[in-house]
Protein chains: 2
Amino acid sequence: MNTLFKALSHPVRRRIIEMLRRGPMASGDIAGAFDMTWPTVTGHLNALKEAGLVSPERDGTTIRYRLDISAVEEALAFLLSITGARAPADGDKDRD
Amino acid sequence: MNTLFKALSHPVRRRIIEMLRRGPMASGDIAGAFDMTWPTVTGHLNALKEAGLVSPERDGTTIRYRLDISAVEEALAFLLSITGARAPADGDKDRD
DNA sequence: TTCCTAATTAGGAAAAACCCTAAATGCAAG
DNA sequence: CTTGCATTTAGGGTTTTTCCTAATTAGGAA
């Protein structure tokens, strides 16, 4: 949960996640979409992999990254537990 | 969105959010729940405030922090857009 | 083997985050 | 005004993040 939210806390990494929403992409194609060096993007991909958000698969000389939805749902579960299960308490009378 | 996910990326701050789920709490009570100094907790509260996740309200000498659900829903919306699900419904967040 | 391309790891500088102690602020009561 | 309590801000040391360039690994083709 800790590395997961930390991975989501960088705009480049969130953008990568959005890109992978349509399907797996090669590392070079991902790196080419940003205005930073390839090694830097590799670092972000490693952070996402560490968080379980993506997984790489080799195909010859190219490496494709695929989005791992279940990790996203893990973060989703935390946020839903916040918005979905709110108990009424004494200074909290003005709910919608 | 950037400060929002960054705020969520620290375990102490996520725990504060969980604590505030039941209602506003005084700064001192929040700080007392952790094994760190009060100024450090104040720093975390500032990070949460910066992200729009909590808002402080003064009552005499004590300051109470209240959870701001709409910011949570903002993060929720991003994750839901990834999994492809719909936006959170209005009547879904007020039941116990 | 050698060469080329795809991609990563290594090393390090700059910036930010984290947590502490000490000092300051704000409010209320005497 | 002065004291006291609740809380925040200031300053600084240590660790982590972020990004770069240079070097390295890995696979395919000649």
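The sequence lines fix the lettering, A, B, ..., with proteins before strands; numbering per chain opens at 1.
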Do any N or O atoms of the protein come closer than 3.5 Å to N or O atoms of nucleotides 24-30 of chain C, and which pairs are they?
none

*Identify, with sequence neighbours excluded, every residue that meets ring-ring contact (aromatic ring centres under 6.0 Å, His included) alongside Tyr65(A).*
none
_Interatomic distance, Leu20(B) atom CG to Leu48(B) atom CG [nearest 0.5 angstrom]_ = 8.0 Å
Considering only nitrogen or oxygen atoms on both sides, find all protein atoms under 3.5 Å from nucleotides 14-20 of chain C and state each distance.
| unit_1 | atom_1 | unit_2 | atom_2 | d |
| --- | --- | --- | --- | --- |
| dC18(C) | OP1 | Arg13(B) | NH2 | 3.4 |
| dC18(C) | OP2 | Arg13(B) | NH1 | 3.1 |
| dC19(C) | OP2 | His44(B) | NE2 | 2.8 |
| dC20(C) | OP2 | Thr37(B) | N | 3.1 |
| dC20(C) | OP2 | Thr37(B) | OG1 | 3.0 |
| dC20(C) | OP2 | Thr40(B) | OG1 | 2.7 |

*side chain to side chain donor-acceptor pair (under 3.5 Å) with Thr37(A): which residues, sequence neighbours excluded?*
Thr40(A)
*Heavy atoms, side chains only, cut-off 4.5 Å: are Pro56(B) and Lys49(B) in contact?*
yes
*Of the residues in residues 25-33 of chain A, which ones touch DNA chain C at a heavy-atom distance under 4.0 Å?*
Ala26(A), Ser27(A), Gly28(A)
*Approximate separation, where rounding is to 0.5 Å, of Thr83(A) OG1 and Leu76(B) CG*: 5.0 Å
*Hey, does Tyr65(B) reach any base, or is it just sugar-phosphate, or nothing, if we go heavy atoms under 4.0 Å?*
sugar-phosphate
*Where chain A begins and ends its contact with DNA chain D, read 5' to 3' at 4.0 Å from heavy atoms*: dT17(D) to dG28(D)
*asked:* Enumerate the ring-ring contact (aromatic ring centres under 6.0 Å, His included) contacts for residues 14-33 of chain B, please, sequence neighbours excluded, ordered by first and then second residue.
replied: none
*Identify the heavy atoms of Ala71(B) and Leu4(B) that sit nearest to each other, and give their distance.*
O-CD2, 3.4 Å
*Name the pairing partner of dG12(C), where a pair is Watson-Crick or G-U wobble with both distances under 3.5 Å, or state none.*
dC19(D)
_Run the side chain to side chain donor-acceptor pair (under 3.5 Å) test against Thr61(A) and tell me which residues pass, sequence neighbours left out._
none
*Does anything in residues 63-75 of chain A pair up under salt bridge (charged side-chain N to carboxylate O under 4.0 Å, His left out), and if so which pairs, sequence neighbours excluded?*
Glu57(A)-Arg66(A), Asp59(A)-Arg64(A)
*asked:* So for atom CD, which belongs to Glu50(A), do other residues, nucleotides or ligands contribute more than 12 heavy atoms lying within a distance under 6.0 Å?
replied: no
*asked:* Suppose we screen for side chain to side chain donor-acceptor pair (under 3.5 Å). Which residues come up paired with Thr3(A), at least two apart in sequence or across chains?
replied: none
Name every donor-acceptor pair, under 3.5 Å, that has one atom in a side chain of residues 24-36 of chain A and the other anywhere in the protein, sequence neighbours excluded.
| unit_1 | atom_1 | unit_2 | atom_2 | d |
| --- | --- | --- | --- | --- |
| Ser27(A) | OG | Trp38(A) | NE1 | 3.2 |

Side chains of residues 8-16 of chain A: which donor-acceptor partners sit under 3.5 Å, not counting sequence neighbours?
| unit_1 | atom_1 | unit_2 | atom_2 | d |
| --- | --- | --- | --- | --- |
| Ser9(A) | OG | Lys6(A) | O | 2.7 |
| His10(A) | ND1 | Val12(A) | N | 3.1 |
| Arg13(A) | NE | Ala7(A) | O | 2.8 |
| Arg13(A) | NH1 | His44(A) | ND1 | 3.2 |
| Arg13(A) | NH2 | Lys6(A) | O | 3.1 |
| Arg14(A) | NH1 | Leu8(A) | O | 2.8 |

